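Single-structure report; data block below.
In what follows, chains are A, B, ... by sequence order, proteins preceding strands, each numbered from 1. The structure presented is a predicted model; accordingly, all values stated were derived computationally and were not measured.
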Amino acid sequence: MLEKTFNPSAVESKLYPEWEQSGVFTPALKGDKPNFTIMMPPPNVTGSLHMGHALNHTLQDIIVRWKRMKGMDVLWLPGTDHASIATQMLVERKLEKEGIFRKKIGRDEFLKHVWKWKELHGGAIVHQLRRLGVSPDWSRERFTMDDGLSDAVKKVFIDLYKKKLAFKDKRLVNWDPILLTAVSDLEVNNVETKGTMWQIRYPMENGGYITVATTRPETMLGDTGIAVHPEDERYKDLIGQYAILPFVGRKIPIVADEHSDPEKGTGCVKITPAHDFNDFEVGKRHNLPAIDIFDERARLNENTPEPFRGMDRFAARKLILEQLEADGLLVGAEEITHALPYSERSEVILEPRLTEQWYVDAHTLAQPAIKVVEDGRIKLVPENWENTYFQWLRNIQPWCISRQLWWGHRIPAWYGPDKHVFVADDEQEAQAQAEKHYGKTVTLVQDEDVFDTWFSAALWPFSTLGWPEKSVELEKCYPGDLLITGHDIIFFWVVRMVMMGMEFMGDIPFRTVYFTALVRDEKGQKMSKTKGNVIDPLEFMDLYGTDALRFSLASLAGTGRNLNFSKSQVEGYRNFATKLWNAARFCEHHQCKLDPDFNPESAQLAINKWIVAEVQKLGQDVVKQLENYRFDEACAALYQFIWGQFCDWYVEFTKPIFFGENTIEQTETRAVAAWTLGQILHLLHPFMPFVTEELWQDLSGGKKLISSAWPAYASTGEKLYKDKDAQEGIQWLIKVISEIRAVRADMNVPASAQLPLYYAEGNELVSKRLTAYGEVLCKMARISTIENAGAPEGMVPVLVDQDTFLLQIGEVVDLKEEKQRLSSKLKDIQKEILQLDGKLKQPDFVNKAPADVVEKNQLRLAEAQLQQQKLETALARLQSA
RNA sequence: GGGCGCUUAGCUCAGCGGGAGAGCGCUACGUUGACAUCGUAGAGGCCACUGGUUCAAUCCCAGUAGCGCCCACCA
């Protein structure tokens, strides 16, 4: 017996462990069953479930459940990412609160704390994912710092190093002065900020001044040149001369460089090679030294004079400006807005800093990655992401993979006393290399840094399958079939997986990438903690059930880049689950039981033939939409069918039968209703796994829906069952009932009144249908009797197709009301006739438009004219009454 | 500066060459025995603007305006 109402949380907490323990999530990877592989984008271990996770895991689970029901051997491999910066920050802060400081306790001790934290709290997100009802193979769960995955990282780096695709280089990086590490270009947020452009005079060696413009006066202490445009007439004479740098007294040359834009500022650019990306390039071109004036915390260092030495960069800026002002060297200040580079993690302004880091030659690796998308071997969905993908890869810069952090994969590089580098699997091997190199034993020091988290994430499609060892998983599941992820990590992750897959597996990591939209609030704003508009998916699951949340997200997963999430939608889909639940209760109440031997296509009654055909149509539609990743359309089809067809009409059609006496009809209808409900549950299961599983177990006597077979007819191209008479008959019936209801409402007939209906036009088909469907028509349209006879005076016409029915609405027909109703109907019809007639009278239309379009218009015109005639007749009768 | 996208009912969004759609919200009315987390009916739209292509444009093309995102740059 089904409970009176669906209780999502009780059902969820009961079913999920049942599924997980049954082993259905784990693929056999044996025999020749076709398999399907999808890798879960590993969430950060520090993460907690947000709407973005909820969206992309829901979509993954829909595909996975569907493929599994189709009989495929599905590997959905889950896991988490060690997220070096985020995790290190989190644990470090936590420890600081306890009075424990990272630098004090040292690397090994600190890492012990991180691992401990990871064991205790790292699983949070994985448990929250379970609440979403997702069905990955938890037995194969991976963590990016597992031994096997760490081996893969090492091997990849060593190989890249041997191929000279990984190398050490000294260049400018974006330096985070709070986290004390380099970050990649992608981790920089450029934020529009108000600032000031100052103009500063530098005295010339030979007298006079040159005026430069800058937004960062403090960097002048590191200036080693001034650039002017080679064709700028104003400064031509100065090229080759020297200016004297205030405070420092350094002689700096005036050089000619295209970088200088005569239109901007004063046309003279101060060059600080160590602290500006453009200046670095200019410096290289003119052999200007790069003088580093900051320490790791962006304080002025020993290369700067007193009183600035040791000051913070912003304090120094203030003091320098004051001094310049006092010295009469500050000659202008202009308010401007410019974009400043903020660190994504620490939200501090980044400092370009000259350091030695490890880089990967991304340009070389990018070429095959470009090709496989060009060739269509990897399909991006929606397709327009290709532009973004190509644009970035074609302009790719070397990828800085080292981070000055402790938590992560430590770089397997050792240095000899003379800084000679030995890249090796372990210290022993490095020693061996060193001995060969030096001819004696030396003390080696391992690189202090770890790899960028994305470096290990890039290997996820094969490192998780056991690579570099050979394994069944690797054999069967690479390349994968699908990746579903947010478009915000296309560069961070997707392109890098393709690059690494091509380089190390010689093959693509996946065939299709589906990019999800970004979840925003109902006003389209980005969710952020500071705005306070973050929606917690767990809260919605508690309130409305997981199924409702999943269905909402899938319904909203259209083709757009944003997905505006609103509460009322979830509520609506909670109601949808309730609706289904109640329909199932109705079936149960009327003893609709599944009969495995029953062939639905053998049904005799029109309503049964009709619903069988309709549900099959639905199945094909759902599959078509799923194949195109149109989750929204699949949801719409399911919702419309279940509520708008099955509940609104079919269930109502069965009532006269269930409350009647005909046991033969009852038997058939019970079987068809049960079968149809079963089909609905199958088709809906990937989207709403819990309510469907619960109902199916009830309907089927304990069978599991998650491991049931997907309906055979529901594959595109399969021939569908059809019964034309039944289809058309039921469609007609629905039209008649709707029309009568509309007239009744229009005429303010009390809902409880049972009215007689007259039909006297003698259309044989109509008479036949009235006989066949009379009972249900009466019940649903509140008709007392159907008279196959002429109508008494003063009746209200009901027009359906070419036929007029007359409805007797009681003693008093409000003539005025009725006249108005008919007149406005007539007006609509006349307008339509005018339009159609005009169109059909144009020779160009008749000659040039396709024949079927012309014919359709002619038919519509004929129908409209007939309706017009009927309406006019009815109105005339009204006038005479 | 380069690229991508959006503008359709009060709200959130589908549709994308031949009759303007859905959900939510709103209004009126509620009858039997699945369901008030419901039922029935209804109101509500120059499909941003201007041109062009076409027999036909919400849909294709060009431009304009507004909004959003990504990338690069800003001494």
Any strand, both distances under 3.5 Å, Watson-Crick or G-U wobble: B/A41 pairs with B/U27

Practice item. Determine the contact category for A/P843: base if any of its heavy atoms lies under 4.0 Å from a base atom, sugar-phosphate if only primed atoms, P, OP1 or OP2 are that close, otherwise nothing. Key: nothing

Mate of B/U50 across any strand shown (Watson-Crick or G-U wobble, both atom pairs under 3.5 Å) is B/A62

So what does A/E832 touch, heavy atoms closer than 4.0 Å: a base, only the sugar-phosphate, or nothing?
-> base

Under 4.0 angstrom between A/R860 side-chain N/O and B/G19 OP1 or OP2: yes

Whichever of A/N387 and A/C268 has the more 5' nearest nucleotide on RNA chain B, that residue is A/N387

Against the side chain of A/N190, the closest entry in B/C73, B/U40, B/A14 is B/C73

In whole angstroms, the gap separating P of B/C38 from CZ of A/F576 amounts to 12 Å

Sequence neighbours excluded, the answer for side-chain hydrogen bond (donor to acceptor under 3.5 Å, both in side chains) partners of A/K825 is A/E739

Handout entry: Between B/C49 and B/A57 - P atom distance, rounded Å
Key = 15 Å

Taking B/U37, B/C71, B/A14 as options, the one with an atom nearest any side-chain atom of A/R574 is B/U37

Which of A/F390, A/Y389, A/W392 passes ring pair (Phe, Tyr, Trp, His ring centres under 6.0 Å) with A/F491? It is A/W392

Separation of B/C35 atom P from A/N582 atom CG, nearest Å, is 7 Å

task: Look at the side-chain N and O atoms of A/N575 and state whether any lies under 4.0 Å from the OP1 or OP2 oxygen of B/C38.
output: yes

Discussion item. Looking at B/G39, I'd like to know if its phosphate oxygens (OP1 or OP2) sit under 4.0 Å from a side-chain N or O belonging to A/K579.
Written reply: yes

*With heavy atoms under 4.0 Å as the rule, sort A/V853 into base, sugar-phosphate or nothing.*
base

Rounded to whole Å, CG of A/D488 lies from C1' of B/C4 at a distance of 16 Å

Expressed as a whole number of Å, how far does the C1' atom of B/C59 sit from that of B/A14?
13 Å

Next item on the list: Can you tell me, in whole Å, how much space there is between the P of B/C47 and that of B/A20?
Entry: 11 Å

- Taking atom P in both B/A43 and B/U54, compute the distance separating them and give it to the nearest angstrom. 39 Å

A/R744 CZ to B/G39 P, in whole Å, measures 18 Å

Testing the 3.5 Å rule here: is there a donor-acceptor pair between the side chains of A/D223 and A/T272? yes

When A/L556 and A/D276 are each assigned the nearest nucleotide of RNA chain B, the 5'-most assignment goes to A/L556

Presence of A/H589 side-chain N/O under 4.0 Å of B/G33 phosphate oxygens OP1/OP2
no

In whole angstroms, the gap separating P of B/G39 from CH2 of A/W649 amounts to 12 Å

So that I know where these two stand, are A/Y514 and A/H487 an aromatic pair - ring centroids less than 6.0 Å apart?
no

- Task: Kindly determine whether A/E863 and A/R860 satisfy side chain to side chain contact (heavy atoms under 4.5 Å, CB included), including the steps that lead there.
- Result: CA-CA 5 Å; A/E863 242 170 68; A/R860 273 175 50 209; 5.6 Å; no

Side-chain donor or acceptor of A/S752 under 3.5 Å from a matching atom on the base of B/U31?
no

| task | Could you tell me whether the side chain of A/Q391 has a donor or acceptor atom within less than 3.5 Å of a complementary atom in the base of B/A72? | result | no

Regarding the side chain of A/F586, the nearest nucleotide among B/C73, B/A34, B/G18 is B/A34

Open item on the list: I'd like to know if A/R741 reaches the base of B/U40 with its side chain, counting only an N/O donor and acceptor under 3.5 Å.
Closed with: no

#### Entry: Sub-4.5 Å side-chain heavy-atom contact between A/V331 and A/I200
no

Quick check: A/Y544 with A/Y573 (ring centres under 6.0 Å apart)? no

So A/E652, base contact, sugar-phosphate only, or nothing? Heavy-atom distance under 4.0 Å. base

Write down the distance separating the P atoms in B/G17 and B/G10, rounded off to the nearest Å.
-> 26 Å

Go through it in stages, so that I can follow the logic: the residues are A/I740 and A/I737, the test is side chain to side chain contact (heavy atoms under 4.5 Å, CB included), and I'd like the CA-CA distance, side-chain angles, deciding distance and then a yes or no.
CA-CA 5 Å; A/I740 293 172; A/I737 294 168; 6.0 Å; no

query = Do A/F576 and A/Y639 have their ring centres less than 6.0 Å from each other?
reply = yes

Checklist entry - So what does A/R630 touch, heavy atoms closer than 4.0 Å: a base, only the sugar-phosphate, or nothing? => result sugar-phosphate

Side-chain N or O of A/Y639 closer than 4.0 Å to phosphate OP1/OP2 of B/C24
yes

Exercise. Have a look at A/A745 and say if it touches a base, only the backbone sugar-phosphate, or nothing, with a 4.0 Å heavy-atom cut-off.
Key: sugar-phosphate

_So A/A636, base contact, sugar-phosphate only, or nothing? Heavy-atom distance under 4.0 Å._
nothing

Once you apply a heavy-atom cut-off of 4.0 Å, does A/T5 come out as touching a base, just sugar-phosphate, or nothing? nothing

Does B/G39 have its OP1 or OP2 closer than 4.0 Å to a side-chain nitrogen or oxygen of A/W643? yes

Check: For A/R585, which contact category applies under a 4.0 Å heavy-atom criterion: base, sugar-phosphate, or nothing?
Finding: sugar-phosphate

Between OH of A/Y573 and P of B/U37 the distance, given in whole Å, is 19 Å

Using Watson-Crick geometry (N1-N3 plus N6-O4 or O6-N4) or G-U wobble (N1-O2, O6-N3), each under 3.5 Å, B/C69 is paired with B/G3

Answer with yes or no whether A/K655 presents, from its side chain, a donor or acceptor under 3.5 Å of a partner atom in the base of B/U32. no

Looking only at B/G19, B/A14, B/A41, the nucleotide nearest the A/K839 side chain is B/G19

- Item | B/G25 versus B/G39 - spacing of their P atoms, nearest Å | 12 Å

By the Watson-Crick or G-U definition, both distances under 3.5 Å, B/U32 is matched with none

Separation of B/C55 atom P from A/K856 atom NZ, nearest Å, is 20 Å

Discussion item. Ignoring hydrogens and geometry beyond distance, is a side-chain donor-acceptor pair present between A/H229 and A/D257 at under 3.5 Å?
Written reply: no

Taken to the nearest whole Å, CG/A/D844 to P/B/U54 is 11 Å

(Q) For the P atoms, the ones on B/C70 and on B/U64, what distance do you get once it is rounded to whole angstrom? (A) 24 Å

Regarding A/D261, tell me which of base, sugar-phosphate or nothing describes its non-hydrogen contacts under 4.0 Å with the strands shown.
base

- prompt: With sugar-phosphate meaning primed atoms plus P, OP1 and OP2, does A/C647 contact a base, only sugar-phosphate, or nothing at under 4.0 Å between heavy atoms?
  reply: base

| Taking atom C1' in both B/C11 and B/G45, what distance in whole Å separates the two? | 14 Å

